[in-house]
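Working notes, structure below.
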Amino acid sequence: MEMREVGRSELEVAPLALGGNVFGWTIDEPTSFRILDAFVGAGLNFIDTADVYSRWAPGNQGGESETILGNWFRKSGKRDRVVLATKVGMDMGDGKQGLKKANILRAVEDSLRRLQTDRIDLYQTHKDDASTPQEETLAAYDQLVKQGKVRVVGASNLTKERLSEALAISAEKGYARYECLQPHYNLVERADYETNLEPLCLKEKVGVIPYYSLASGFLTGKYHGEEDLSKSAARSGNVKKYLNERGFRTLKAVEEVAAELKVKPASVALAWLIARPSITAPIASATSLEQLDDLIKAVSI
């Protein structure tokens, strides 16, 4: 398995990350365990989650995905075979949100407890917090790195300007820097990343692990019209914006290549991301072993 460095850090990951957003939401713990075992069994090692996953689901409070992962680490003994990424900053209730130092230091302890581990390999800003100076946020991350609770830090959903500012602060102060960016990027969601963020990430050697790599399922080929939106109520709101001429033209190209290679469209859409020079590893989630198999095939295309 080809391994890739995350930015300029010591982390080495396979070129595909498993998204943990579905754990405790659309799949239960036993199904999650089967998918995790199969993913690691295939030689892959990168798993991405967040403290807020999956607070939005009825009856959930947040932390469900991390809890399932922690239970799997304990039961399987595979913690050392995984590069573990999680995130902080989203609203966890009771005013627990944002990137102030106090919230980060509290949230990391909650995540470590749920994950049943003594360190987080990649700890990421989940979204920007304009009300907190970036210097305060980066100082908190630097403290966690020095304590050994976090190995590397990254960020999700930052603009080019904010990422550039954060990198400059870290360079000036000697803080741990964002080695990784997690943007919204896929074959039908390209302009912002390719125009603004990609040149900066290449120049600064920042790793990139895009989310919504399959455009909320649109690039799997299961949505060819509005009548198909009922196939996945959880994702349909995000998919609707792609049901247009440009979206269908892109999907047609993906499906033609997939037919030629005798694989599923999802495998091709992910392989396209993996092949892009700025991308370290796209993130994709699976709710069944069959879906997971289609994701894993992308690595060898």
Side-chain angles (χ1 to χ4, degrees), residues 13 16-37 39-40 44 46-76 79 82-99 103-104 106-117 119-129 150 153-158 180-184 209-217 232-238 281-288 291-292 295:
V13 298
L16 176 69
L18 182 66
N21 59 317
V22 293
F23 304 153
W25 174 29
T26 52
I27 57 174
D28 59 15
E29 183 166 286
T31 306
S32 302
F33 281 15
R34 286 193 291 274
I35 286 171
L36 287 161
D37 284 331
F39 182 77
V40 173
L44 295 143
F46 196 12
I47 298 170
D48 177 83
T49 186
D51 57 1
V52 77
Y53 297 164
S54 49
R55 186 169 182 251
W56 55 82
N60 283 5
Q61 298 179 326
E64 287 78 15
S65 175
E66 288 185 334
T67 298
I68 286 173
L69 266 168
N71 291 341
W72 177 70
F73 287 143
R74 188 188 72 241
K75 184 178 178 184
S76 69
R79 172 66 185 93
V82 166
V83 173
L84 170 66
T86 192
K87 310 181 202 74
V88 60
M90 290 291 199
D91 185 4
M92 291 291 285
D94 298 325
K96 297 174 182 175
Q97 63 179 317
L99 300 173
N103 189 59
I104 290 172
R106 177 205 52 77
V108 77
E109 298 299 338
D110 291 344
S111 287
L112 287 168
R113 175 177 43 78
R114 285 189 292 260
L115 290 161
Q116 302 187 51
T117 186
R119 82 278 183 197
I120 292 164
D121 299 308
L122 176 62
Y123 200 40
Q124 303 160 97
T125 284
H126 204 152
K127 68 170 183 176
D128 202 358
D129 175 9
V150 168
V153 292
S156 182
N157 298 305
L158 287 196
C180 189
L181 178 70
Q182 190 172 143
H184 184 179
I209 54 171
Y211 68 88
Y212 283 167
S213 299
L214 296 174
S216 297
S232 177
R235 301 284 192 182
S236 60
N238 295 328
I283 303 166
S285 52
T287 57
S288 68
Q291 280 185 8
L292 181 67
L295 306 186

For this session: Would you check, one step at a time, whether the test salt bridge (charged side-chain N to carboxylate O under 4.0 Å, His left out) holds for R79 with D121?
Result: CA-CA 11 Å; R79 172 66 185 93; D121 299 308; 3.1 Å; yes
For this session: Indicate yes or no: at least one non-hydrogen side-chain atom of R114 is less than 4.5 angstrom from one of D51.
Result: yes
Exercise. Would you say the side chain of D48 lies within less than 4.5 Å of the side chain of L122, judging by non-hydrogen atoms?
Worked result: no
For this session: Check the pair V108, I120 against side-chain contact (heavy atoms from CB on, under 4.5 Å), reporting the backbone distance first and the verdict last.
Result: CA-CA 9 Å; V108 77; I120 292 164; 3.9 Å; yes
Exercise. From L84 CG over to L115 CG, what is the distance, rounded to the nearest 0.5 angstrom?
Worked result: 5.5 Å
For this session: Output every pair passing salt bridge (Lys or Arg N to Asp or Glu O under 4.0 Å) with a member in residues 25-37, not counting sequence neighbours, ordered by first then second residue.
Result: D37-K78
Problem set entry | 4.5 Å side-chain heavy-atom contact, V40 and V82 | yes
For this session: Provide the closest heavy-atom pair for I104 versus L99 in the form atom of the first, atom of the second, distance.
Result: CD1-O, 3.5 Å
Exercise. At their closest point, which heavy atom of A281 faces which heavy atom of P210, and how far apart are they?
Worked result: O-CD, 3.7 Å
For this session: Output the distance between atom CD (Q97) and atom NZ (K127), rounded to the nearest 0.5 Å.
Result: 6.5 Å
For this session: Measure the OG1-CG distance between T31 and L36 for me, rounded to the nearest 0.5 Å.
Result: 11.0 Å
Exercise. What are the two closest heavy atoms between L16 and F39, and how far apart are they?
Worked result: O-CZ, 3.6 Å
Problem set entry | Any residue meeting salt bridge (Lys or Arg N to Asp or Glu O under 4.0 Å) with D129, in chain and number order, not counting sequence neighbours | none
Exercise. Is the backbone of G62 close enough, under 3.5 Å, to the side chain of E64 for a donor and an acceptor to pair up by distance?
Worked result: yes
Problem set entry | For Q116 against N71, the heavy-atom pair lying closest together | NE2-OD1, 2.9 Å
For this session: Would you please name every residue forming a side-chain contact (heavy atoms from CB on, under 4.5 Å) with Q291, sequence neighbours left out?
Result: A286, T287, S288
Exercise. Got a sec, which residues hit ring-ring contact (aromatic ring centres under 6.0 Å, His included) with F73, two or more places apart in sequence or on another chain?
Worked result: none
Exercise. Parallel, tilted or perpendicular for Y211 and H184, by the 30°/60° rule?
Worked result: parallel
Exercise. Distance from I27 atom CD1 to I68 atom CD1, nearest 0.5 Å?
Worked result: 7.5 Å
Seminar exercise, completed: Separation between CD1 (I209) and CD1 (I283), nearest 0.5 Å, reads 4.0 Å
Problem set entry | Any donor-acceptor pair under 3.5 Å from S156 side chain to Q182 backbone | yes
Exercise. Say you draw a straight line from OH of Y53 to CZ of F23; how long is it, rounded to the nearest 0.5 Å?
Worked result: 11.0 Å
Exercise. Are any side-chain N or O atoms of N157 and backbone N or O atoms of D128, one a donor and one an acceptor, separated by less than 3.5 Å?
Worked result: no
Exercise. Of the non-hydrogen atoms in G24 and S32, which two are nearest, and what is the gap between them?
Worked result: N-OG, 4.4 Å
For this session: Go through the steps to decide whether D91 and V52 satisfy the test side-chain contact (heavy atoms from CB on, under 4.5 Å), and finish with yes or no.
Result: CA-CA 7 Å; D91 185 4; V52 77; over 6 Å; no
Exercise. Below 4.5 Å, heavy atoms only, C-beta onward: do L69 and T117 meet side chain to side chain?
Worked result: no
Problem set entry | By side-chain hydrogen bond (donor to acceptor under 3.5 Å, both in side chains) - contacts of S213 (at least two apart) | none
Problem set entry | Under 3.5 Å donor-acceptor, K87 side chain and Y123 backbone | no
Problem set entry | Where Q124 and A85 come nearest, the two heavy atoms and their spacing | NE2-CB, 3.6 Å
Problem set entry | Counterpart residues, side-chain hydrogen bond (donor to acceptor under 3.5 Å, both in side chains), relative to S111 (two or more places apart) | E66
